[in-house]
Amino acid sequence: MGVSVRIPATTANLGPGFDTFGMALSLYNTLEADWSGNGQLRIEVTGDGAHLVPVNETNTVYKAMQQVFMEAGENELLTERGLHIRIHNNVPVTRGMGSSATAIVGGLWAANEMLNYPLSEQKLVELAVRLEGHPDNVTPAIFGGVVVSGVVNEKVYVKRFSAPIGMRCVVAVPDFQLATRTSRKALPPALPYADAVHNVNRASLMVAALSDGNLQMFCELMEDRLHEPYRMPLVPGMQKAIQFAREAGALAAVLSGSGPSLIAFCQEGAEQIGEALQKGFRSEGITSAILHLTPAA
Ligand code: HSE
C-alpha cells in the first residue's frame with residue numbers, strides 16, 4: 001500500500017523556551033512511500049536543497065522508517081521488498097526551520113501507516129524525540145499549533161496550544177547553512193544566575209499568555225538570555241536584523257531554532273518587517289530570502 005504524509009516546518013525555542021517551545025508553520029514537506037522499488041531501496045528527493053539530502057540508507061526519512069519496522073518486528077520486509085520513497089522539500093535544509101524534524105516525523109508516520117498502525121502515537125512521539133535529540137521541533141511537527149514539551153524521566157510531556165489569533169510570521173532565511181550541532185557547541189557550560197531567572201520568568205509567563213491567547217504579551221516576553229547571545233557570532237547581521245525588524249513594527253524577532261534563520265512576529269506590516277530583516281543581513285553582506293507564513297494548526 002502506498003502512503004502519503006505532509007509535515008510542517010517548525011520554529012523552535014521562540015526566544016526563552018530553549019528546547020521547550022516550538023510552533024508549526026504554514027510551509028510543508030511531503031513524503032510518499034510504497035513498495036515499488038523492485039527489491040531495492042529507491043529514494044528520490046526534489047525541491048529545496050534536494051542535492052544536500054542523501055539518497056541511500058543514511059537518509060533520515062529511511063532511518064526513521066527503519067525504526068518503526070524494527071519496533072514492529074517487520075524488519076525483514078525492508079530487505080525482502082523494495083521500498084520507494086519520494087520526498088518533496090519546501091522547508092529550507094539546515095536553516096533552523098525544522099527540516100530534520102519533518103524527515104523524522106514523516107518517516108515514522110509513513111512507516112506506521114504502511115504497517116497498518118502497529119505503534120501508538122505516544123511511542124512514535126518518543127521515537128521522534130529520541131531520533132532528533134530534543135523535542136521542540138518534532139512535537140509541533142506532530143501536533144501543530146504552539147507546543148510546550150520536555151522529556152522528564154524518559155517520558156515525553158506535551159502540551160499543545162492554539163497560536164494566538166492574528167499572528168503572522170516573517171522568516172528571513174540567509175543564504176548560508178548552520179548545523180544544529182555547531183550552533184549547540186557555541187552554548188556555554190554555565191551561565192549567570194540572573195539570566196536563568198530571566199528565562200524561567202519569561203518562559204513561564206509565555207505559557208500564561210498562550211493559555212489566554214494574548215499575542216501582545218506572548219511576543220513582549222520573547223527575550224532570551226540562554227542561547228541567542230552565544231549564537232549571535234555565528235549569524236552575521238542577526239543583531240541588526242532584529243533591531244531593524246523591531247523598528248519596522250515587529251512585536252518580536254528571534255533566532256528560529258538554532259538558526260541561522262530569523263523569525264519576526266506581527267499582526268500587520270509584514271512586508272516592511274521582511275525588508276528590515278533583509279537590510280540587517282545585507283549590512284553584513286548576506287543575502288536572505290523572505291517567507292511570509294502563518295502558524296499552522
Ligand atoms: N532547541 C534546539 C536548539 C532547536 O536551539 O538547539 C534546534 O532547531
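Only this structure's heavy atoms are used, side chains among them; waters, hydrogens and symmetry mates stay out. Counting begins at 1 with the first residue of the sequence.
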> Step through the shown structure and confirm whether more than 12 heavy atoms of other residues, nucleotides or ligands are within 6.0 Å of CD on Glu76.
yes
> May I ask you to test the Leu31-Ser4 pair for a side-chain heavy-atom distance under 4.5 Å?
no
> After noting the C-alpha distance and the side-chain angles of His134 and Thr180, does the key distance pass the side-chain contact (heavy atoms from CB on, under 4.5 Å) rule?
CA-CA 11 Å; His134 49 86; Thr180 297; 4.1 Å; yes
> Is any NZ, NE, NH1 or NH2 atom of the basic residue among Asp34 and Arg86 found under 4.0 Å from an Asp or Glu carboxylate oxygen of the other?
yes
> Would you compute the distance between atom CZ of Phe218 and atom CZ of Phe21 and round it to the nearest 0.5 angstrom?
6.5 Å
> If you take all heavy atoms of Pro118 and Ala72, which pair is closest and at what distance?
CG-CB, 3.7 Å
> Check the side chains of His84 and Glu44 for a donor-acceptor pair under 3.5 angstrom, ignoring hydrogens and angles.
yes
> Evaluate the side-chain proximity of Val61 to Ile43: yes if any heavy-atom separation is below 4.5 Å, no if none is.
no
> Which heavy atom in Glu223 sits nearest to a heavy atom in Arg202, and how many Å separate them?
O-CG, 3.8 Å
> Quick one: does Arg246's side chain have a donor or acceptor within less than 3.5 Å of a partner on Phe244's backbone?
no
> Could you check whether Gln67 and Glu71, counting side-chain N and O atoms only, form a donor-acceptor pair closer than 3.5 Å?
no
> Once you round to the nearest 0.5 Å, how far does CG of Leu124 lie from CD1 of Ile142?
7.5 Å
> State the CE-CD distance between Met232 and Glu228, to the nearest 0.5 angstrom.
6.5 Å
> Quick one about Ser261 and Ser256 (side-chain donor to acceptor, distance below 3.5 Å, no hydrogens or angles considered), yes or no?
no
> Locate the shortest heavy-atom distance separating Pro233 from Pro229; write the atom from each residue and the value.
CD-O, 3.8 Å
> Report the C-alpha distance between Thr11 and Val171 in whole Å, list the side-chain angles of each, state the deciding distance to 0.1 Å, and finish with yes or no for side-chain contact (heavy atoms from CB on, under 4.5 Å).
CA-CA 10 Å; Thr11 184; Val171 183; over 6 Å; no
> In this structure, would Val146 and Val170 fall into the same cluster of hydrophobic residues linked by side-chain contacts under 4.5 Å?
no
> Measure the spacing between NE2 of His227 and CG of Asp195 and express it to the nearest 0.5 Å.
12.0 Å
> Does Val125 offer a backbone N or O that forms a donor-acceptor pair with the side chain of Arg130 under 3.5 Å?
no
> Please determine, by modelled atom types, if Asn90 and Asp48 share a side-chain donor-acceptor pair under 3.5 angstrom.
no
> Say whether Leu27 and Val45 are linked into one hydrophobic cluster, either directly or through other cluster members, by side-chain heavy-atom distances under 4.5 angstrom.
no
> Heavy-atom count around Glu220 CD within 6.0 Å, excluding the residue itself: above 12?
no
> Evaluate the side-chain contact (heavy atoms from CB on, under 4.5 Å) criterion for residues Met114 and Leu83: first the C-alpha distance (whole Å), next the side-chain angles of each, then the deciding distance (0.1 Å), finally the verdict.
CA-CA 11 Å; Met114 279 180 106; Leu83 187 61; 3.7 Å; yes
> Report yes if some heavy atom in the side chain of Met65 is under 4.5 Å from a heavy atom in the side chain of Ile85; otherwise report no.
yes
> Using side-chain heavy atoms (C-beta onward) and a distance below 4.5 Å, is Met238 in contact with Glu284?
no
> Knowing that exactly one of Ile7, Thr102, Leu25, Leu291 qualifies, which makes a side-chain contact (heavy atoms from CB on, under 4.5 Å) with Val91?
Thr102
> Under the side-chain contact (heavy atoms from CB on, under 4.5 Å) criterion, do Asn137 and Glu132 qualify, and how do the steps go?
CA-CA 8 Å; Asn137 288 108; Glu132 177 84 329; 3.7 Å; yes
> Do Leu255 and Ile263 land in one hydrophobic cluster if side-chain heavy atoms of ILVMFWY residues count as linked below 4.5 Å?
no
> Decide yes or no for Arg95 and Gln177: does some side-chain heavy atom of the first lie under 4.5 Å from some side-chain heavy atom of the second?
yes
> Would you say Ile87 and Asn59 make side-chain contact, with heavy atoms under 4.5 Å?
yes
> With a 3.5 Å distance limit and no angle check, can you tell me whether Asn56 reaches the backbone of Thr58 through a side-chain donor-acceptor pair?
yes
> When you look at CD of Glu154, are more than 12 heavy atoms from neighbouring residues, nucleotides or ligands closer to it than 6.0 Å?
no
> Test Ser149 against every option in Asp19, Asp136, Thr139 by the side-chain hydrogen bond (donor to acceptor under 3.5 Å, both in side chains) rule and name the one that passes.
Thr139
> Report the distance from atom CZ of Arg6 to atom CD of Glu32, rounding to the nearest 0.5 Å.
13.5 Å
> Do Leu178 and Ile286 sit in one hydrophobic cluster, given that two such residues count as connected whenever their side-chain heavy atoms are within less than 4.5 Å of each other, even indirectly?
yes
> Between Glu74 (side chain) and Phe69 (backbone), is there a donor-acceptor pair under 3.5 Å?
no
> Say whether, by atom type as modelled, one donor and one acceptor occur between the side chain of Asn89 and the main chain of Asn29 under 3.5 angstrom.
no
> Any heavy-atom pair between the side chains of Tyr157 and Lys159 that's under 4.5 Å?
no
> Looking at Lys155, is its backbone amide N or carbonyl O close enough to the side chain of Asn153 to form a donor-acceptor pair, meaning the two atoms are under 3.5 Å apart?
no
> Indicate, with yes or no, if Phe18 and Val147 share a hydrophobic cluster defined by side-chain heavy-atom contacts under 4.5 Å among Ile, Leu, Val, Met, Phe, Trp and Tyr.
no
> With no hydrogens and no angle check, do the side chains of Ser183 and Arg231 hold a donor and an acceptor under 3.5 Å apart?
yes
> Examine distances only and state if a side-chain atom of Asn199 and a backbone atom of Pro16 form a donor-acceptor pair shorter than 3.5 Å.
yes
> Measuring from atom CD of Glu113 to atom CG of Leu119, what distance do you get when rounded to the nearest 0.5 angstrom?
13.0 Å
> With a 4.5 Å cut-off on side-chain heavy atoms, are Val254 and Asn13 touching?
no
> Could you tell me which non-hydrogen atom of Pro260 sits nearest to which non-hydrogen atom of Val235, and how far apart they are?
O-CG1, 3.6 Å
> What closest approach, in Å, do Ala196 and Leu191 show between heavy atoms, and which atom pair accounts for it?
CB-CD1, 4.5 Å
